[in-house]
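Here the structure is a predicted model, which means the values were calculated and not measured. We name chains A, B, ... by the order of the sequence lines, and we start the count at 1 in each one.
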Amino acid sequence: MSERGINLANSEFDTIAAISTPAGEGGISIIRISGEQALPIAQVIFKGKSLASVASHTINYGHVIDPISRAEVDEVMASVMLAPKTYTKEDIVEINCHGGLVATNQILQLLLSNGARLAEPGEFTKRAFLNGRIDLSQAEAVMDLIRAKTDKSMKVALNQLDGNLSRLIKQLRQDILDVLAQVEVNIDYPEYDAVEEMTTKLLQEKAAELQQIIKQLLKSAKQGKVLREGLATAIIGRPNVGKSSLLNNLLHEDKAIVTDIAGTTRDVIEDYVNVNGVPLKLIDTAGIRETTDQIEAIGVERSRKAIATADLVLLLLNNNEALTDEDRGLIDDTKDVKRIVILNKTDLPTKLDHAELTDLVDAADIIETSIVNDDGMDQLANRISDLFFGEGIETNSNSVMVTNARHIGLLNQADAALSDVQQGIAAGLPVDLVQIDMTRSWELLGEITGDSYQDELLDQLFSQFCLGK
Amino acid sequence: MEQALPYTGKEYDVIVVGAGHAGSEAALAAARMGNKTLLMTINLDMVAFMPCNPSVGGPAKGIVVRELDALGGQMGRNIDKTYVQMRMLNTGKGPAVRALRAQADKHAYHAEMKHTIENEPNLTLRQGMVDDLIVEDGVCKGVITSTGAHYAAKSVVLTVGTAARGKIIIGELQYESGPNNSQAAMKLTKNLADLGFEIERFKTGTPPRVDGTTIDYSQTEEQPGDEAPNHFSFTTPDSQYLLLKDQLSCWLTYTNESTHKIIRENLDRAPMFSGTIEGVGPRYCPSIEDKIVRFADKPRHQLFLEPEGRKTEEWYVQGLSTSMPEEVQQKILHSIKGLENAELMRPGYAIEYDIVSPYQLKPTLETKLIKNLYTAGQTNGTSGYEEAAGQGMIAGINAGLRALDRGQFTLKRSDAYIGVMIDDLVTKGTTEPYRLLTSRAEYRLILRHDNADLRLTEMGHELGLIDETRFAAFENKQAAVKAELKRLDTIRIKPNDEIDAFLVARGEKPLKDSLLASEFLRRPQVNYADVLKFIAAPAEPLDRQVIEQIEITIKYAGYIKKAEARVERLKKMEAKKIPDRLDYDDIDSLATEARQKLKKIQPETIAQATRISGVNPADIAILSVYIQRGRIAKI
């Protein structure tokens, strides 16, 4: 592939640019430019060394200037990476600026007004894929990597990028192919005695075995979804039970990885927090901050809404007050969702009837805390990770976890196809009909690794990518 | 060598070179479409000759014969008149893979086909060898024979088979020869190479024939034909089916350790292993010496003794294809049970021949290089009479259409096995003699032998190859199927003791509620005749073919629906055409391998491009984007 080299940036692909770090008031922001014109375009706004003359894969100090007004925009480092040894296999310039929304956006705007086009979501990765740098499942893993909210989800994404999922899927496909081959020989050479007749019994066993593995993968997918998208978490309770304190405590604890969704549209700001490796996506944090000023009816209404959309509810009670009807109402409202009842303010005298509470709530779901004193927060964190990962989630280099929605969809279909195989056999259908569903499962698995081509596959896939990488 | 003086022969619309199974169908199709057609063959006594096994049909191949018949081809009708045994294979499996196979009387088969060709208006059959093509400005305008005749034509079909620079090999012996010691055509493929075609060398082989009067049949197992009637052609009535007593049986025997020992001891004399044979042979039909070497653990191999006809005592030893020296062949035969005293009548041989690498063809079987020139059959790298006939039909139709100045005709993979085969050949090429297998078809459940008429008769009719009488009969069948399906979908069956007793006896659950007759028929252990026990019979009794359609349509509806959904998905990609003469060098980001393959094969649709090995999804995406942009640019 190396012969495709520098000429790869071509008329087919114009030069694209985008901010490739999460938007916000972070330390450093990076604006990436990729394509044939990456260097010339960057040069227009860059005051410093001639980017065309520096060695590939070097970082160069300089300033971004507005080429018209000659005004200095920011002090920057410009990384120059020449094709083909770049992420997209095209020429790439990355401008590291001091960050801040205003300066970063201004630099991007300058690039766009000097010949670059704003990259579509996922377009850098799409180019990497189209230029043959990475395969389909790796491309998707990159998307997940960008979205990864905590270290653990990062590990899963990296693992997949290495091709572990691809390897497992390819193995499964090979297994299916072996079985199919035997069925085919029986059909095409009915009088040939050299091959054992592939009975429906053998097919049944194989289908069941494969389905077992796929089900295991799907199980991992559930955890994967949590790792990738964050666990929608509602903090509820009466006014003044400590919701804001809990929120601030959680956010404070993990300030380093609090972030927001990287993307073009940012209508909704959600807060993410990492609790023992579980990324929590806190729902309606604005509401929590406001509730102290709200009249109670509105507060309760908001709580109900939050419960409806939550994967996990953190229900706060005040140890220093007796249970109210409203508390009982919230306990009842959350009885069917995953919840942790936080008995807060244990630093104050106990006025709540513990016996009544344990009648209403499973004792294991009750955590006693004094959030202001930071007491009980470890137990809370442990309870959260226990709830979702049971024995704990291992992402050692051997385990394969499915985290991508498209993969999950395909695995579900393959699972269904394998069920059809077994049903067909149970209904006494001939082997060549049962084989149709077996072949289908083979094709579906192939779509995960991109080994079989489906027309809509790429469009659907790449529209899911977030901006930047 | 003395040369014949040139002279100008008659002008024709279509000339077909070679009168084997491909050439016969091509010439008949072109002529029946109204073209003045010339069919040239090296030897008139070898029209539609079977130089290898005396049988027609089997898995996938049998379906091709039915497809040919639906398009108006001759092979099905011809074998229905000349078979000596008929047998349905894979009866224990589903409807899609059942396969009809006939043992042929190879002499009668040849005579019947020759007679049909002779009596076809518009068609002239002539003995002669074509040495060169007349080509002007990349357009084929006729042929030149060794006798000096220059025949002009609007289009030409080459179906020259193993005669093309054929070389027979028997042990140390080698000589120029076409099949069965006929004259080889030593010039034509050289001419093609000079015109710029890539020519490859393939190899095939045939087993020895033995004298049936010297076979001890008591040492072998009888393989009789079927009692229940079946034919290949839609037009052949059941009343013409041969009674079992009038059919000839085949006989099964096996090789053994001593056979294998003889072969192993003489491997140094086997052209396959001594390096004499350069051509590529088929993996699926190996010679016996190849089997012994590759499957050394197997204690025995099956051999079927097949009659070559009614008026001959020659027997074909299926499974014993070999190019060992004649002396060794005799020893091998005598080591086999039942053949201890068998007299060898003709030795087996290997034959090497030239093929035109099929990537050089369009799906119409016209060559990309030279306009109005078509090739079919073994010339395109296939093996088998049915494969040849299927291509011959398509090449003949298209040569005929071209002569008539009409648009070309192709079959999709979802239309027919013939479509699968041609797409495979022109898209993937072949590295060995290509044989059709049911596993090559992704829409097997749709491409059944029982519905070949439903799939293709209308096309044959439109091409002018199916006459009105036959088409009316076809439409009647279709209507009868439709009417009865509708009837079964309206009649309800109510539970009663009689039905429950019947069901329990069949191992089925008794009825809980009333159900439609169609739902009743869907039960695995219930057939159409059973349904008629509980509902009124249709106004007129139905043909077995109509009943077969009804049973398959109802019983396999779920699977058929799934297969149809897949066909629909593919159709979308088939609709994405790739412009002619697309400059793949202009698409920089294609992988080098993909670019080379795409340039070589020049696929006509995105769907076809996806099937080229070495072209991966990324390349397809790049290609799609490029074409899409081109379209936008044009607007």
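- A search for salt bridge (charged side-chain N to carboxylate O under 4.0 Å, His left out) contacts involving B:Glu564 returns nothing, not counting sequence neighbours.
- In this structure, the separation between CG on A:Asp432 and OG1 on B:Thr438 is 8.0 Å, given to the nearest 0.5 Å.
- Closest non-hydrogen pair, B:Gly92 versus A:Pro430, comes out as O-CB, 4.4 Å.
- The part of B:Lys562 that comes within reach of chain A is its side chain, from C-beta onward, which places non-hydrogen atoms under 4.5 angstrom from that chain.
- Contacts between B:Arg87 and chain A at a heavy-atom distance below 4.5 Å involve the side chain alone, from C-beta outward.
- Only the side chain of B:Arg444 comes within contact range of chain A, with at least one heavy atom under 4.5 Å from a heavy atom of that chain.
- Looking at heavy atoms from C-beta onward, A:Glu443 lies in side-chain contact with B:Arg566 at the 4.5 angstrom threshold.
- At a 4.5 Å heavy-atom cutoff, the contact between B:Arg101 and chain A is made by side-chain atoms alone.
- Heavy-atom distances place both the backbone and the side chain of A:Leu433 under 4.5 Å from chain B.
- Across all their heavy atoms, B:Tyr559 and A:Gly424 have their closest contact at OH-CA, 3.8 Å.
- Remark: B:Asp530 engages B:Arg506, B:Lys533 in a salt bridge (charged side-chain N to carboxylate O under 4.0 Å, His left out) (not counting sequence neighbours).
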